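Every number for a ligand or one of its atoms is a count from 1 in the order of the listing. Treat the numbers as computed from the prediction; the structure is a model and nothing was measured.
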Amino acid sequence: MTFINLPPAPPHIEIVHVGGPTVLIEIDGYKIITDPTFDEAQSIYPGPVTLHKTEAPAVDRKDLGKIDLVLLTHDEHADNLDHSGRELLPLAQHVLTTQSGAKRLKNNAVGMSPWDERRFRTPNGRELKITATPAQHGPEGIEAVVGEVIGFVITDVNSQQDLFYITGDTVWYPGVKMVVDTFKPKYIFAFAGAAHPTEVPVRLTMDTNEVLSLSHASPNSKIIPVHQDNWQHFTQGKMLMDTAFAMFGLQKRLIDLAPGTRMILNTADNN
Ligand SMILES: [Zn+2]
């Protein structure tokens with residue numbers, strides 16, 4: 001198979017925040033979705049830790065069309081994969097997730113360990129490299145309690161740019177630092193919200209302090225906080241994140257991605 005030999009021009013990228021950790025990323029028309037969640041508001045997910053969804057998705061699942069690639073940071077938590085998100089998985093061309101998650105999900109799910117790579121082609125022949133990244137979903141030792149999580153870096157091989165770092169559910173810890181020391185992502189989807197379900201005695205995702213630390217460690221990246229609204233167990237939301245960055249004069253580092261709004265990202269400059 002031959003592909004058009006693309007010049008190292010930047011790709012055309014559009015993103016839409018569906019809500020929670022769910023973002024549609026279109027790169028030259030290639031549709032990627034992170035942690036699909038499309039259930040209605042007021043959905044309840046009973047279990048040892050009961051989760052409550054407070055907001056409806058800003059985009060209807062049916063309006064997205066065919067998804068080429070799902071980047072699923074973990075399958076075991078309803079705020080990262082809810083019922084309708086789960087239904088979407090077998091309809092997508094490819095699903096990348098944790099090794100244990102792929103065994104549970106079967107079908108088209110492919111397991112990745114941190115630093116594993118997979119390559120895909122956009123319709124116009126651009127090559128995208130997906131690298132799995134380490135994540136720690138709470139204090140050290142948490143994996144035995146809450147299971148495996150990974151993040152992802154999306155690299156445009158043609159223009160040799162690291163486009164996105166999707167942190168997945170993680171705290172700020174040496175594994176995340178290693179990712180931003182290894183890659184130079186233009187945009188970081190920071191899974192924030194300081195998740196803290198009432199039944200759990202520890203915090204499970206980044207708070208404002210930690211997203212600020214992440215932004216300092218990757219000074220050329222724009223930060224797009226996600227996973228901070230729409231669920232009851234998120235203890236910090238967008239307003240606090242915006243205020244925290246403004247306190248240090250860093251509001252220009254943030255991208256305000258209003259749910260449901262399609263945003264075109266400029267990857268041509270080196271901001
Ligand atoms: Zn989680």
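Within the 4.5 Å cutoff, side-chain heavy atoms of Y30 are placed close to those of F120.
Every residue was checked against the ring pair (Phe, Tyr, Trp, His ring centres under 6.0 Å) condition with F38, not counting sequence neighbours, and none meets it.
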Going through the distances and angles, do H83 and Y45 end up as a ring-ring contact (aromatic ring centres under 6.0 Å, His included)?
CA-CA 10 Å; H83 301 307; Y45 306 85; 5.3 Å; yes

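A continuous path of Ile, Leu, Val, Met, Phe, Trp and Tyr side chains, each step under 4.5 Å between heavy atoms, connects I188 with V171, placing both in one hydrophobic cluster.
Salt bridge annotation for D39-K53: absent, with no cationic side-chain nitrogen under 4.0 angstrom from a carboxylate oxygen.
Atom CD of E199 has more than 12 heavy atoms from other residues, nucleotides or ligands within 6.0 Å.
Panel detail: the Zn ion (ligand 1) has protein N, O or S atoms under 2.8 Å away, 4 in number.
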